[in-house]
Amino acid sequence: MKNPEATFDCIVIGAGISGLALGFFARHNGRSVVVLEAGPVAGGKIRTQWEEGFCCEWGPQGFLDNVPETLELVRLLGLQGRLVQASNAAADRFILRNGKLRAIPLSPLKFFVSDVLSWAGRLRVLAEPFMPRANEEDESVLAFARRRIGKEAADVLVDAMVTGVFAGRAEELSLAATFPKMAHMERTYGSLTRAMFALRRKGGGGPAGPGGTLTTFQSGMQELTDALACSLGTALRLNTRVRGIQYRQGPPSNWVVHLEQGETLLGRHLVVTVPPREAANLLKDYLPPLVLADLQQIPVPPVVVVMTAYRQSQPFAFPLSGFGFLVPSREPRQILGTLFCHSIFPNQAPPGTVLLRTILGGARQPEVIHFDDHELLRLVRRELHAILGGDPDPCLVRVFRHPEGIPQYTLGHPQRLQALDQALAALPGLHLTGNGYRGVAVNACIAEAKKVAMLLA
Ligand SMILES: Cc1cc2nc3c(=O)[nH]c(=O)nc-3n(C[C@H](O)[C@H](O)[C@H](O)COP(=O)(O)OP(=O)(O)OC[C@H]3O[C@@H](n4cnc5c(N)ncnc54)[C@H](O)[C@@H]3O)c2cc1C
């Protein structure tokens, strides 16, 4: 006799942080849930590997401790005592400018005496409050920054910030989709400077978002996804790829999910958290062709992480105390930046050693995904030699490849989301979330997952 079909309030596809958090919040709200993950492990981009006392993060290094949904999740999982904040030394950040690392000034006064920009560039930043507001609905991050703070500051500082967050090109990304708070500040206060002073008086943060401290867990980021997986128990099914999806108007359920193993599951709600291209593939029979094309066109260029460790406290000429450095695209270099992991989180490397995490790829250099490990190491050593001075032999090298790295919210992204929302409104119980839509940071994935979980009545 055929097995009866299992029925759930909610079927979640994908067990990265988005799918895991969604499953967790939905169960917390009393819903019956199953989370389906194609791979053998949960966590998606989040994975931590400890080797010879060094903490090697495949994906995110941490999250900012200023988003209530993440802090709530941490509290509900009982992980507050496991949090580790970045050290004070990590406040010092560097940027490559004309081949030389320069400290990013931490206060307006320090900014005006620093050499991070020319005198003319610094004076142009001062003129920001007098620049007119935009008329355009969607503007690139670079165009916005050039208009407000001048070409030099935009090409150096804002370009580097976009590299740090999205591994992207500032001229291609939509301001409204990537830094909505900045667009809002200009609309509301007429100037970023005035907005910053007003928000500071209210206790808010800077133009890129509220301030916060980079935070991880004692055993690294995987501690979070392991705790979520553990809490989901048998509601999480690994090695379970979805073969097909069918809509069947309820009751009792709207969605029929066919698994590769031949099993069929029924759900009142279906939440798809996989990357946009895969989501389009799964939903090809239900979403309108234009929306499917939009999803397929959200670029997700590859990112490569090369970890190198050294059993010396000062392996390079440049002192490795601080957060790390970013490389603006105008610099003729082939890496996006390097984090000083031993300095950010001293528990992530044995005392007296150095652990570096160099990021390559993204929209600027997608081709690096095809380099083999030897080529990548050669490239990283050459670049670190040129930037930090010295070519010490690393005692440990690990390469992590993300063929689909960080989604790029290019110009038109807000309009694409609008069309997607309209299409979803016609399909009761279907939800799309994950890093492809409304924020790539771990915090954004968790906050969006909670929002969707609240809709699963
Ligand atoms: C190198 C790197 C560094 C980063 N650093 C930071 C950082 O420091 N701080 C920060 O906040 N963010 C960082 N990010 C971004 C952040 O890590 C990601 O945006 C976030 O983890 C994505 O989570 P997700 O669940 O949306 O997607 P994913 O992690 O991609 O998860 C999707 C899951 O779906 C599964 N799947 C796919 N297809 C199917 C299918 N058909 N059936 C079932 N399952 C399927 C996949 O196997 C995967 O497990 C970084 C990202 C990268 C790549």
Side-chain angles (χ1 to χ4, degrees), residues 11-23 34-47 56-67 70 86 163-168 209 212 214-216 220-222 224-225 228-229 236-245 257-260 270-283 300-307 323-324 336-337 339 341 344-345 357-362 369 399-409 432-449 452:
I11 299 174
V12 181
I13 307 183
I17 186 62
S18 300
L20 290 169
L22 200 126
V34 62
V35 180
L36 310 173
E37 166 58 45
V41 288
K45 301 278 181 294
I46 299 179
R47 200 181 305 178
C56 303
E57 293 285 8
W58 284 62
Q61 184 78 14
F63 59 94
L64 294 178
D65 64 349
N66 58 358
V67 169
T70 304
T163 298
V165 180
F166 289 93
L214 190 75
T215 299
T216 184
M221 285 298 285
Q222 194 178 321
L224 176 63
T225 47
L228 284 165
L236 170 65
R237 295 177 57 172
L238 301 174
N239 298 308
T240 304
R241 186 172 281 281
V242 172
R243 186 166 50 84
I245 288 171
V257 172
H258 301 282
L259 306 183
E260 250 176 16
L270 175 66
V271 187
V272 180
T273 75
V274 302
R277 197 187 300 261
E278 177 70 359
N281 191 28
L282 289 173
L283 294 165
V300 191
V303 172
V304 176
V305 177
V306 178
M307 310 278 317
F323 194 88
L336 303 180
L339 299 186
C341 303
I344 303 172
F345 297 120
R357 172 182 163 91
T358 299
I359 313 285
L360 304 95
I369 193 77
V399 176
F400 305 130
R401 289 183 173 76
H402 299 273
E404 287 191 295
I406 299 180
Q408 306 290 301
Y409 302 167
L432 260 69
T433 189
N435 69 353
Y437 312 102
R438 292 183 166 85
V440 299
V442 169
N443 277 335
C445 293
I446 294 174
E448 284 300 313
V452 175

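Counting convention: from 1, in listed order, for ligands and their atoms alike.
- Nearest heavy-atom pair across Y437 and A279 is OH-CB, 3.9 Å.
- Residue G434 has at least one heavy-atom neighbour below 4.0 Å for each of these atoms of ligand 1: 26 (O).
- Atom numbering of ligand 1 starts at 1 in the shown order; those under 4.0 Å from a heavy atom of R357 are 3 (C).
- Comparing P407, A38, G59, A42 against atom 43 (C) of ligand 1, the shortest heavy-atom distance belongs to A38.
- The proximity of V305 to ligand 1, defined as any non-hydrogen pair under 4.0 Å, is limited to the side chain.
- Taking only non-hydrogen atoms, the option from S18, G16, A15, P60 nearest to atom 14 (N) of ligand 1 is P60.
- Here is the list of ligand 1 atoms found below 4.0 Å of a heavy atom in I13: 42 (N), 43 (C).
- Of all the heavy atoms of E278, the ones lying under 4.0 Å from any atom of ligand 1 belong exclusively to the side chain.
- In this structure the side chain of V442 never reaches within 4.5 angstrom of the side chain of T70, judged on heavy atoms.
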Please determine whether side-chain contact (heavy atoms from CB on, under 4.5 Å) holds for the pair V304 and H402, giving the CA-CA distance in whole Å, both sets of side-chain angles, and the decisive distance to 0.1 Å. CA-CA 6 Å; V304 176; H402 299 273; over 6 Å; no
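- Which parts of ligand 1 touch V442 is read off a 4.0 Å heavy-atom cut-off, strictly below it: atoms 10 (C), 11 (O), 12 (N).
- When every heavy atom of S18 is checked against every heavy atom of T273, the shortest pair comes out as CB-CB, 4.1 Å.
- Interface atoms of ligand 1 facing G62, defined by a heavy-atom separation under 4.0 Å, are 7 (C), 8 (O), 9 (N), 10 (C), 11 (O).
- Counting the atoms of ligand 1 from 1 in the order shown, those under 4.0 Å from a heavy atom of L36 are 43 (C), 44 (N).
- Atom 47 (O) of ligand 1 has E37 OE2, 2.6 Å as its closest protein atom, hydrogens excluded (heavy atom only).
- How far CD1 of I11 is from CD1 of I245: 8.5 Å, rounded to the nearest 0.5 Å.
- In the vicinity of V440, heavy-atom distances shorter than 4.0 Å reach the ligand 1 atoms 15 (C), 16 (C), 18 (C), 19 (O).
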Using side-chain contact (heavy atoms from CB on, under 4.5 Å), reason through V303 and I369 one step at a time and then give a plain yes or no. CA-CA 7 Å; V303 172; I369 193 77; over 6 Å; no
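- Counting protein heavy atoms only, atom 37 (C) of ligand 1 is closest to V274 CG1, 3.5 Å.
- For the atom pair CD (E57) and NZ (K45), the distance works out to 14.5 Å, reported to the nearest 0.5 Å.
- Across C445 and G439, no two heavy atoms sit closer than the pair SG-O, 4.1 Å.
- Ligand 1 places these atoms under 4.0 Å from at least one heavy atom of V303: 1 (C).
- The option from L214, I406, N435 that lies nearest to atom 52 (C) of ligand 1, judged by heavy atoms, is I406.
- Closest of all the heavy-atom pairs between G361 and L336 is O-CD1, 3.5 Å.
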